[in-house]
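Below: one structure, written as C-alpha coordinates.
Side chains included, hydrogens not; waters and symmetry mates left out as well; all remaining heavy atoms used. Values in this document were obtained by computation on a predicted structure and should not be read as measured data. Naming: A, B, ... by sequence-line order, numbering from 1 per chain.
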Amino acid sequence: MLVTIFALVLAAVFCGQTVQACSLALHDWKLIFYRKIPVPVPFFPLAELDVAATRLEQASFARVFWVGSHNFISAVAPAFLPLFADRAARLPWAAFDSGPSLIAMARENYCPGEGPLIVGSDNSYIKVALFADQSSAFGCMQLVIQQSGRIRAVHPDTKTPWAQETNGISWLSLIFYQLPVPGRILSFSAYPVQKNRFSIYEDHSYVEALLSQRILKRRPDLVVDPYRFDFPELPE
Amino acid sequence: MRQRKNILQMLSFFVAAVPLLVSGETFRAVDFERLLQKHPLMRKYDPETGRFKETKSEIIPVENLQKRVASITAEIADCESEKSELVLAAMNSGEASTEALTWEKIGQIDRRLAELKARLQTEQSLLADKGVPGYDKLLEIAGRIYHETVLPETATGALLLNKLPRFAATPPLLADNDLRRFFFSRNGEVLEKYLAQAGKIALMFEKTDQPILYSADREVSDAKKH
(Lines give C-alpha, C1' and ligand atoms only; values in the text may rest on other atoms or scores of the structure.)
Protein backbone atom coordinates (compact mmCIF):
# COMPACT_ATOMS: atom_id res chain seq x y z
CA MET A 1 0.00 0.00 0.00
CA LEU A 2 2.66 2.46 1.04
CA VAL A 3 4.68 1.66 -2.02
CA THR A 4 1.76 2.73 -4.21
CA ILE A 5 1.25 5.99 -2.37
CA PHE A 6 4.95 6.59 -2.31
CA ALA A 7 5.11 6.19 -6.07
CA LEU A 8 2.14 8.50 -6.51
CA VAL A 9 3.69 11.16 -4.35
CA LEU A 10 6.84 11.05 -6.42
CA ALA A 11 4.83 11.24 -9.61
CA ALA A 12 2.98 14.25 -8.23
CA VAL A 13 6.28 16.02 -7.77
CA PHE A 14 6.83 15.85 -11.47
CA CYS A 15 3.32 16.94 -12.29
CA GLY A 16 3.82 20.09 -10.26
CA GLN A 17 6.38 21.33 -12.74
CA THR A 18 5.24 23.64 -15.52
CA VAL A 19 6.60 23.00 -18.95
CA GLN A 20 5.67 24.27 -22.36
CA ALA A 21 6.44 22.17 -25.37
CA CYS A 22 6.06 21.91 -29.09
CA SER A 23 6.09 18.56 -30.82
CA LEU A 24 9.85 18.02 -30.55
CA ALA A 25 11.44 20.68 -28.40
CA LEU A 26 10.96 21.54 -24.77
CA HIS A 27 10.50 25.27 -24.23
CA ASP A 28 10.58 27.42 -21.15
CA TRP A 29 8.67 30.46 -22.38
CA LYS A 30 9.27 33.84 -20.77
CA LEU A 31 7.00 36.76 -21.64
CA ILE A 32 9.07 39.64 -23.00
CA PHE A 33 6.41 41.79 -24.70
CA TYR A 34 2.68 42.17 -24.18
CA ARG A 35 -0.03 44.55 -25.36
CA LYS A 36 -3.80 44.37 -25.05
CA ILE A 37 -5.64 46.38 -27.69
CA PRO A 38 -9.42 46.89 -27.97
CA VAL A 39 -10.69 46.26 -31.49
CA PRO A 40 -14.15 46.70 -33.03
CA VAL A 41 -14.24 43.11 -34.29
CA PRO A 42 -11.86 40.13 -34.40
CA PHE A 43 -9.65 40.10 -37.47
CA PHE A 44 -10.27 36.44 -38.12
CA PRO A 45 -13.49 34.62 -37.07
CA LEU A 46 -11.95 31.46 -35.66
CA ALA A 47 -13.92 31.45 -32.41
CA GLU A 48 -17.04 32.30 -34.44
CA LEU A 49 -16.26 29.34 -36.70
CA ASP A 50 -16.11 27.14 -33.60
CA VAL A 51 -19.58 28.33 -32.52
CA ALA A 52 -20.95 27.64 -36.01
CA ALA A 53 -19.31 24.21 -36.16
CA THR A 54 -20.77 23.25 -32.78
CA ARG A 55 -24.26 24.36 -33.84
CA LEU A 56 -23.92 22.49 -37.12
CA GLU A 57 -23.55 19.27 -35.16
CA GLN A 58 -27.07 19.82 -33.79
CA ALA A 59 -28.97 21.51 -36.63
CA SER A 60 -28.29 22.40 -40.22
CA PHE A 61 -28.16 25.90 -41.71
CA ALA A 62 -27.32 27.11 -45.18
CA ARG A 63 -25.08 30.12 -44.50
CA VAL A 64 -23.57 32.27 -41.78
CA PHE A 65 -24.10 35.99 -41.23
CA TRP A 66 -21.17 37.44 -39.26
CA VAL A 67 -22.30 40.69 -37.66
CA GLY A 68 -19.94 43.29 -36.23
CA SER A 69 -18.24 46.64 -36.78
CA HIS A 70 -16.23 45.32 -39.66
CA ASN A 71 -13.08 46.72 -41.18
CA PHE A 72 -11.42 45.71 -44.43
CA ILE A 73 -9.50 42.79 -42.90
CA SER A 74 -12.45 41.29 -41.07
CA ALA A 75 -14.69 41.78 -44.11
CA VAL A 76 -12.41 39.69 -46.32
CA ALA A 77 -11.28 37.22 -43.62
CA PRO A 78 -14.22 34.80 -44.14
CA ALA A 79 -12.96 34.19 -47.66
CA PHE A 80 -9.99 32.36 -46.11
CA LEU A 81 -12.07 30.11 -43.85
CA PRO A 82 -12.29 27.25 -46.39
CA LEU A 83 -8.56 26.74 -45.79
CA PHE A 84 -9.57 24.98 -42.59
CA ALA A 85 -10.94 21.48 -42.85
CA ASP A 86 -14.26 22.17 -41.22
CA ARG A 87 -17.76 21.71 -42.56
CA ALA A 88 -18.95 25.05 -41.18
CA ALA A 89 -15.98 26.78 -42.83
CA ARG A 90 -17.13 25.61 -46.23
CA LEU A 91 -20.52 27.29 -45.89
CA PRO A 92 -20.94 30.79 -47.34
CA TRP A 93 -20.02 33.45 -44.76
CA ALA A 94 -21.16 37.03 -45.19
CA ALA A 95 -19.90 39.94 -43.10
CA PHE A 96 -22.71 42.27 -41.97
CA ASP A 97 -22.17 45.60 -40.29
CA SER A 98 -23.82 46.05 -36.89
CA GLY A 99 -27.20 47.68 -37.37
CA PRO A 100 -30.39 45.90 -36.53
CA SER A 101 -30.18 43.60 -33.53
CA LEU A 102 -29.39 39.93 -33.93
CA ILE A 103 -32.91 39.05 -32.80
CA ALA A 104 -34.36 41.42 -35.42
CA MET A 105 -32.23 39.76 -38.12
CA ALA A 106 -33.38 36.37 -36.86
CA ARG A 107 -37.00 37.53 -37.07
CA GLU A 108 -36.50 38.55 -40.72
CA ASN A 109 -35.02 35.16 -41.54
CA TYR A 110 -37.51 33.11 -39.54
CA CYS A 111 -39.10 30.99 -42.23
CA PRO A 112 -39.32 27.30 -43.18
CA GLY A 113 -36.26 25.75 -44.72
CA GLU A 114 -32.60 26.11 -43.88
CA GLY A 115 -32.14 29.63 -42.61
CA PRO A 116 -28.87 31.32 -41.71
CA LEU A 117 -26.90 31.19 -38.49
CA ILE A 118 -26.45 34.76 -37.27
CA VAL A 119 -23.23 35.28 -35.31
CA GLY A 120 -22.44 38.62 -33.67
CA SER A 121 -19.05 39.71 -32.31
CA ASP A 122 -18.53 42.61 -29.92
CA ASN A 123 -16.51 43.68 -26.86
CA SER A 124 -13.49 42.43 -28.72
CA TYR A 125 -9.80 42.95 -28.09
CA ILE A 126 -6.56 41.41 -29.19
CA LYS A 127 -3.59 40.47 -27.06
CA VAL A 128 -0.18 40.55 -28.70
CA ALA A 129 2.51 38.65 -26.82
CA LEU A 130 6.08 37.74 -27.58
CA PHE A 131 7.70 34.90 -25.65
CA ALA A 132 11.36 33.94 -25.60
CA ASP A 133 12.56 30.45 -24.76
CA GLN A 134 14.94 30.41 -21.83
CA SER A 135 16.00 26.87 -22.71
CA SER A 136 17.48 28.10 -26.00
CA ALA A 137 19.20 31.14 -24.46
CA PHE A 138 16.23 33.24 -25.65
CA GLY A 139 16.98 32.47 -29.32
CA CYS A 140 13.71 30.66 -30.00
CA MET A 141 10.66 32.93 -29.83
CA GLN A 142 6.91 32.67 -30.05
CA LEU A 143 4.64 35.44 -31.29
CA VAL A 144 1.04 35.04 -30.15
CA ILE A 145 -1.94 37.04 -31.34
CA GLN A 146 -4.94 36.18 -29.24
CA GLN A 147 -8.44 37.47 -30.00
CA SER A 148 -11.12 37.57 -27.30
CA GLY A 149 -14.62 38.90 -27.21
CA ARG A 150 -18.31 38.23 -26.68
CA ILE A 151 -20.05 36.08 -29.26
CA ARG A 152 -23.80 35.98 -29.54
CA ALA A 153 -25.40 33.60 -32.00
CA VAL A 154 -28.99 33.10 -33.07
CA HIS A 155 -30.37 30.36 -35.25
CA PRO A 156 -33.95 31.11 -36.36
CA ASP A 157 -34.72 27.46 -36.86
CA THR A 158 -38.46 26.94 -37.14
CA LYS A 159 -38.29 23.61 -35.29
CA THR A 160 -36.11 24.67 -32.39
CA PRO A 161 -35.07 28.34 -32.36
CA TRP A 162 -31.69 28.61 -30.69
CA ALA A 163 -29.41 31.27 -29.26
CA GLN A 164 -26.12 31.28 -27.40
CA GLU A 165 -23.90 33.77 -25.63
CA THR A 166 -20.29 32.86 -25.04
CA ASN A 167 -16.83 34.34 -24.62
CA GLY A 168 -14.84 33.47 -27.70
CA ILE A 169 -11.08 33.01 -27.63
CA SER A 170 -8.90 32.29 -30.63
CA TRP A 171 -5.20 32.66 -31.35
CA LEU A 172 -2.48 32.45 -33.92
CA SER A 173 0.99 31.34 -32.88
CA LEU A 174 4.24 31.74 -34.79
CA ILE A 175 7.33 30.02 -33.39
CA PHE A 176 10.62 31.07 -34.96
CA TYR A 177 14.34 31.12 -34.27
CA GLN A 178 15.78 34.63 -33.85
CA LEU A 179 13.85 36.22 -36.74
CA PRO A 180 10.34 35.63 -38.12
CA VAL A 181 11.57 35.19 -41.69
CA PRO A 182 11.31 32.26 -44.11
CA GLY A 183 13.80 29.57 -43.20
CA ARG A 184 13.68 30.43 -39.51
CA ILE A 185 10.05 29.50 -38.89
CA LEU A 186 9.53 26.40 -36.73
CA SER A 187 5.75 26.35 -36.74
CA PHE A 188 2.63 28.37 -37.39
CA SER A 189 -0.61 27.27 -35.78
CA ALA A 190 -4.13 28.42 -35.03
CA TYR A 191 -6.75 27.71 -32.39
CA PRO A 192 -9.55 26.67 -32.30
CA VAL A 193 -10.16 24.49 -35.32
CA GLN A 194 -12.48 21.64 -34.41
CA LYS A 195 -11.79 22.65 -30.81
CA ASN A 196 -8.08 21.96 -31.15
CA ARG A 197 -4.83 23.61 -32.04
CA PHE A 198 -4.41 23.39 -35.80
CA SER A 199 -0.94 23.29 -37.27
CA ILE A 200 -0.79 25.32 -40.47
CA TYR A 201 2.96 24.94 -40.99
CA GLU A 202 5.71 22.94 -39.27
CA ASP A 203 9.35 22.65 -40.28
CA HIS A 204 10.44 19.45 -38.55
CA SER A 205 13.79 19.25 -40.32
CA TYR A 206 14.70 22.75 -39.10
CA VAL A 207 13.67 21.82 -35.56
CA GLU A 208 15.76 18.65 -35.78
CA ALA A 209 18.74 20.68 -36.99
CA LEU A 210 18.43 23.06 -34.03
CA LEU A 211 18.07 20.11 -31.67
CA SER A 212 21.16 18.40 -33.05
CA GLN A 213 23.11 21.63 -32.60
CA ARG A 214 21.81 21.70 -29.02
CA ILE A 215 20.30 25.12 -29.60
CA LEU A 216 16.90 23.73 -28.66
CA LYS A 217 16.27 21.37 -25.79
CA ARG A 218 14.80 18.03 -26.77
CA ARG A 219 11.47 17.13 -25.27
CA PRO A 220 11.61 13.98 -23.12
CA ASP A 221 9.39 11.43 -24.84
CA LEU A 222 8.10 9.82 -21.70
CA VAL A 223 6.86 12.68 -19.65
CA VAL A 224 5.47 15.53 -21.73
CA ASP A 225 2.38 15.59 -23.88
CA PRO A 226 3.51 17.77 -26.80
CA TYR A 227 0.10 19.23 -27.47
CA ARG A 228 -0.96 19.87 -23.94
CA PHE A 229 0.87 23.16 -23.56
CA ASP A 230 1.07 25.92 -26.14
CA PHE A 231 2.12 29.02 -24.25
CA PRO A 232 1.71 30.35 -20.73
CA GLU A 233 -1.56 32.07 -19.90
CA LEU A 234 -1.59 35.69 -20.99
CA PRO A 235 -2.18 38.46 -18.46
CA GLU A 236 -5.56 40.21 -18.31
CA MET B 1 2.27 -8.14 -10.86
CA ARG B 2 0.47 -5.64 -13.08
CA GLN B 3 0.04 -3.27 -10.17
CA ARG B 4 3.75 -3.53 -9.43
CA LYS B 5 4.54 -2.73 -13.05
CA ASN B 6 2.34 0.35 -12.84
CA ILE B 7 4.10 1.43 -9.70
CA LEU B 8 7.46 0.98 -11.36
CA GLN B 9 6.35 3.03 -14.33
CA MET B 10 5.17 5.78 -12.06
CA LEU B 11 8.40 5.64 -10.14
CA SER B 12 10.21 6.58 -13.30
CA PHE B 13 8.90 10.07 -12.69
CA PHE B 14 11.18 10.19 -9.71
CA VAL B 15 14.09 11.05 -11.93
CA ALA B 16 12.31 14.18 -13.07
CA ALA B 17 11.28 15.06 -9.55
CA VAL B 18 14.63 15.33 -7.89
CA PRO B 19 15.98 18.41 -9.73
CA LEU B 20 13.38 20.47 -7.91
CA LEU B 21 15.08 19.58 -4.72
CA VAL B 22 18.66 19.97 -5.85
CA SER B 23 19.39 23.34 -4.39
CA GLY B 24 20.70 22.86 -0.93
CA GLU B 25 24.13 22.15 0.40
CA THR B 26 23.31 19.66 3.08
CA PHE B 27 21.99 16.16 2.70
CA ARG B 28 19.29 14.23 4.47
CA ALA B 29 17.52 10.97 4.01
CA VAL B 30 13.87 10.90 4.95
CA ASP B 31 11.64 7.97 5.75
CA PHE B 32 8.75 8.76 3.40
CA GLU B 33 6.67 5.90 4.71
CA ARG B 34 6.57 7.47 8.15
CA LEU B 35 5.81 10.87 6.66
CA LEU B 36 2.94 9.55 4.59
CA GLN B 37 1.35 7.75 7.50
CA LYS B 38 1.02 11.06 9.32
CA HIS B 39 -1.24 12.55 6.67
CA PRO B 40 -5.01 12.39 7.42
CA LEU B 41 -5.85 11.37 3.84
CA MET B 42 -4.02 8.12 4.44
CA ARG B 43 -6.90 7.03 6.67
CA LYS B 44 -9.13 7.11 3.56
CA TYR B 45 -6.81 4.93 1.55
CA ASP B 46 -8.42 1.66 0.49
CA PRO B 47 -5.70 -0.93 -0.14
CA GLU B 48 -8.16 -3.21 -1.93
CA THR B 49 -8.93 -0.74 -4.69
CA GLY B 50 -5.75 1.31 -4.42
CA ARG B 51 -7.93 4.46 -4.20
CA PHE B 52 -8.86 7.02 -1.61
CA LYS B 53 -12.44 6.77 -0.37
CA GLU B 54 -14.70 9.85 -0.62
CA THR B 55 -12.39 11.51 -3.14
CA LYS B 56 -12.36 11.88 -6.93
CA SER B 57 -10.11 8.85 -7.13
CA GLU B 58 -12.76 6.55 -5.68
CA ILE B 59 -14.24 3.88 -7.96
CA ILE B 60 -17.92 4.55 -8.69
CA PRO B 61 -20.40 1.74 -9.49
CA VAL B 62 -21.49 1.80 -13.15
CA GLU B 63 -25.19 1.85 -12.19
CA ASN B 64 -24.70 5.07 -10.23
CA LEU B 65 -22.87 6.64 -13.14
CA GLN B 66 -25.61 5.71 -15.59
CA LYS B 67 -28.16 7.42 -13.34
CA ARG B 68 -26.01 10.54 -13.10
CA VAL B 69 -25.52 10.71 -16.88
CA ALA B 70 -29.26 10.37 -17.47
CA SER B 71 -30.01 13.10 -14.94
CA ILE B 72 -27.50 15.57 -16.41
CA THR B 73 -28.66 14.83 -19.96
CA ALA B 74 -32.25 15.59 -18.97
CA GLU B 75 -31.20 18.85 -17.31
CA ILE B 76 -29.31 19.90 -20.44
CA ALA B 77 -32.37 19.21 -22.56
CA ASP B 78 -34.49 21.34 -20.19
CA CYS B 79 -32.04 24.23 -20.46
CA GLU B 80 -31.97 24.05 -24.26
CA SER B 81 -35.75 23.96 -24.34
CA GLU B 82 -35.95 27.00 -22.06
CA LYS B 83 -33.56 28.90 -24.35
CA SER B 84 -35.58 27.95 -27.39
CA GLU B 85 -38.74 29.37 -25.81
CA LEU B 86 -36.90 32.56 -24.87
CA VAL B 87 -35.67 33.09 -28.44
CA LEU B 88 -39.09 32.46 -29.88
CA ALA B 89 -40.68 34.87 -27.42
CA ALA B 90 -38.10 37.57 -28.19
CA MET B 91 -38.60 37.19 -31.95
CA ASN B 92 -42.36 37.49 -31.51
CA SER B 93 -42.10 40.46 -29.15
CA GLY B 94 -39.94 42.84 -31.17
CA GLU B 95 -39.24 45.10 -28.19
CA ALA B 96 -35.65 46.21 -27.51
CA SER B 97 -36.08 45.95 -23.73
CA THR B 98 -37.25 42.34 -24.08
CA GLU B 99 -34.18 41.55 -26.17
CA ALA B 100 -31.78 42.80 -23.51
CA LEU B 101 -33.52 40.74 -20.85
CA THR B 102 -33.58 37.72 -23.17
CA TRP B 103 -29.82 37.89 -23.72
CA GLU B 104 -29.22 38.22 -20.00
CA LYS B 105 -31.26 35.06 -19.36
CA ILE B 106 -29.61 33.23 -22.26
CA GLY B 107 -26.20 34.14 -20.86
CA GLN B 108 -27.17 32.69 -17.48
CA ILE B 109 -28.51 29.49 -19.05
CA ASP B 110 -25.38 29.14 -21.19
CA ARG B 111 -23.14 29.39 -18.14
CA ARG B 112 -25.23 26.69 -16.47
CA LEU B 113 -25.07 24.62 -19.66
CA ALA B 114 -21.29 24.91 -19.77
CA GLU B 115 -21.11 23.51 -16.24
CA LEU B 116 -23.53 20.70 -17.05
CA LYS B 117 -21.71 19.74 -20.24
CA ALA B 118 -18.39 19.66 -18.44
CA ARG B 119 -19.91 17.42 -15.76
CA LEU B 120 -21.52 15.22 -18.40
CA GLN B 121 -18.20 14.81 -20.18
CA THR B 122 -16.53 13.82 -16.91
CA GLU B 123 -19.24 11.32 -16.03
CA GLN B 124 -19.32 9.83 -19.52
CA SER B 125 -15.58 9.48 -19.55
CA LEU B 126 -15.73 7.77 -16.15
CA LEU B 127 -18.51 5.52 -17.41
CA ALA B 128 -16.39 4.57 -20.43
CA ASP B 129 -13.68 3.54 -17.97
CA LYS B 130 -16.22 1.45 -16.04
CA GLY B 131 -16.20 3.84 -13.11
CA VAL B 132 -12.47 3.67 -12.47
CA PRO B 133 -11.02 7.22 -12.37
CA GLY B 134 -7.73 7.77 -14.17
CA TYR B 135 -4.37 7.99 -12.47
CA ASP B 136 -4.50 11.77 -12.75
CA LYS B 137 -7.11 11.75 -9.96
CA LEU B 138 -4.77 9.73 -7.81
CA LEU B 139 -1.96 12.11 -8.68
CA GLU B 140 -4.02 15.08 -7.52
CA ILE B 141 -4.32 13.51 -4.10
CA ALA B 142 -0.71 12.40 -4.11
CA GLY B 143 0.24 15.96 -5.01
CA ARG B 144 -1.65 17.27 -2.01
CA ILE B 145 0.00 14.74 0.27
CA TYR B 146 3.36 15.71 -1.21
CA HIS B 147 2.79 19.40 -0.62
CA GLU B 148 1.69 18.84 2.94
CA THR B 149 4.24 16.28 3.98
CA VAL B 150 7.36 16.30 1.85
CA LEU B 151 7.67 19.99 1.03
CA PRO B 152 7.90 21.12 4.66
CA GLU B 153 10.80 18.69 5.04
CA THR B 154 12.67 20.49 2.28
CA ALA B 155 11.78 23.98 3.51
CA THR B 156 15.17 24.28 5.15
CA GLY B 157 16.84 24.19 1.73
CA ALA B 158 18.34 20.80 2.36
CA LEU B 159 18.72 18.40 -0.51
CA LEU B 160 16.33 15.54 0.02
CA LEU B 161 17.08 12.11 -1.32
CA ASN B 162 14.33 9.57 -1.51
CA LYS B 163 14.49 6.10 -0.18
CA LEU B 164 12.87 4.12 -2.96
CA PRO B 165 10.82 1.06 -2.14
CA ARG B 166 12.63 -2.21 -2.64
CA PHE B 167 12.16 -4.13 -5.87
CA ALA B 168 14.19 -6.96 -7.31
CA ALA B 169 17.03 -5.38 -9.28
CA THR B 170 20.25 -3.42 -9.18
CA PRO B 171 20.63 0.35 -8.99
CA PRO B 172 20.49 2.25 -12.29
CA LEU B 173 23.96 2.43 -13.73
CA LEU B 174 24.67 4.45 -16.85
CA ALA B 175 28.00 4.63 -18.63
CA ASP B 176 28.96 8.20 -17.88
CA ASN B 177 26.41 9.21 -15.33
CA ASP B 178 26.44 6.79 -12.47
CA LEU B 179 24.22 8.03 -9.69
CA ARG B 180 26.72 6.69 -7.18
CA ARG B 181 29.25 9.25 -8.38
CA PHE B 182 26.92 11.82 -7.01
CA PHE B 183 27.00 10.23 -3.59
CA PHE B 184 30.75 10.61 -3.51
CA SER B 185 31.16 13.94 -5.23
CA ARG B 186 28.11 15.59 -3.67
CA ASN B 187 27.99 17.62 -6.84
CA GLY B 188 24.53 18.68 -7.98
CA GLU B 189 25.64 18.85 -11.64
CA VAL B 190 26.43 15.15 -11.62
CA LEU B 191 22.93 14.37 -10.46
CA GLU B 192 21.43 16.70 -13.03
CA LYS B 193 23.36 14.96 -15.83
CA TYR B 194 22.21 11.63 -14.53
CA LEU B 195 18.62 12.76 -14.38
CA ALA B 196 18.79 14.17 -17.91
CA GLN B 197 18.74 10.57 -19.09
CA ALA B 198 15.26 10.10 -17.72
CA GLY B 199 14.11 7.83 -20.52
CA LYS B 200 16.90 5.33 -20.07
CA ILE B 201 16.59 5.32 -16.32
CA ALA B 202 12.86 4.71 -16.54
CA LEU B 203 13.51 1.64 -18.65
CA MET B 204 15.97 0.36 -16.06
CA PHE B 205 13.69 0.72 -13.11
CA GLU B 206 12.17 -2.66 -13.61
CA LYS B 207 15.57 -4.10 -12.79
CA THR B 208 16.08 -2.03 -9.72
CA ASP B 209 15.75 -3.56 -6.33
CA GLN B 210 17.90 -1.63 -3.93
CA PRO B 211 16.98 1.51 -2.10
CA ILE B 212 18.70 4.65 -3.22
CA LEU B 213 19.55 6.23 0.06
CA TYR B 214 21.97 8.88 1.06
CA SER B 215 22.66 10.26 4.45
CA ALA B 216 25.08 13.08 5.18
CA ASP B 217 25.80 11.47 8.52
CA ARG B 218 27.14 8.34 6.92
CA GLU B 219 30.14 8.06 4.68
CA VAL B 220 28.70 5.10 2.78
CA SER B 221 25.33 5.12 1.11
CA ASP B 222 23.12 2.05 1.02
CA ALA B 223 23.56 1.96 -2.71
CA LYS B 224 27.29 1.62 -2.37
CA LYS B 225 27.09 -1.21 0.11
CA HIS B 226 25.81 -3.55 -2.58
message: Around atom CD of A/Gln134, are there more than 12 heavy atoms from other residues, nucleotides or ligands closer than 6.0 Å?
response: yes
query: With a cut-off of 6.0 Å (strictly less than), are more than 12 heavy atoms of other residues, nucleotides or ligands near NZ of B/Lys53?
result: no
query: Quick one: does A/Gln164's side chain get under 4.5 Å of B/Lys83's, heavy atoms only?
result: yes
- prompt: Is there side-chain contact between B/Val87 and A/Val154, with at least one heavy-atom pair below 4.5 Å?
  reply: yes
- request: Pick whichever of B/Ser84, B/Ala114, B/Ser93, B/Ala90 has the most heavy-atom pairs under 4.5 Å with chain A.
  value: B/Ser84
- request: Determine whether more than 12 heavy atoms belonging to other residues, nucleotides or ligands lie under 6.0 Å from atom NZ of B/Lys105.
  value: no
Approximate separation, where rounding is to 0.5 Å, of B/Ile106 CD1 and A/Trp162 CH2: 9.5 Å
Structural part of B/Glu80 lying under 4.5 Å from a heavy atom of chain A: side chain
- request: Any chance you could measure A/Leu102, atom CG, to B/Met91, atom CE, to the nearest 0.5 Å?
  value: 12.0 Å
Contacting region of A/Thr166 [heavy-atom separation from chain B under 4.5 Å]: neither
message: Let me confirm one number: the CD-CD distance from A/Glu165 to B/Gln108, rounded to the nearest 0.5 Å.
response: 10.0 Å
- request: Step through the shown structure and confirm whether more than 12 heavy atoms of other residues, nucleotides or ligands are within 6.0 Å of CD on A/Gln213.
  value: yes
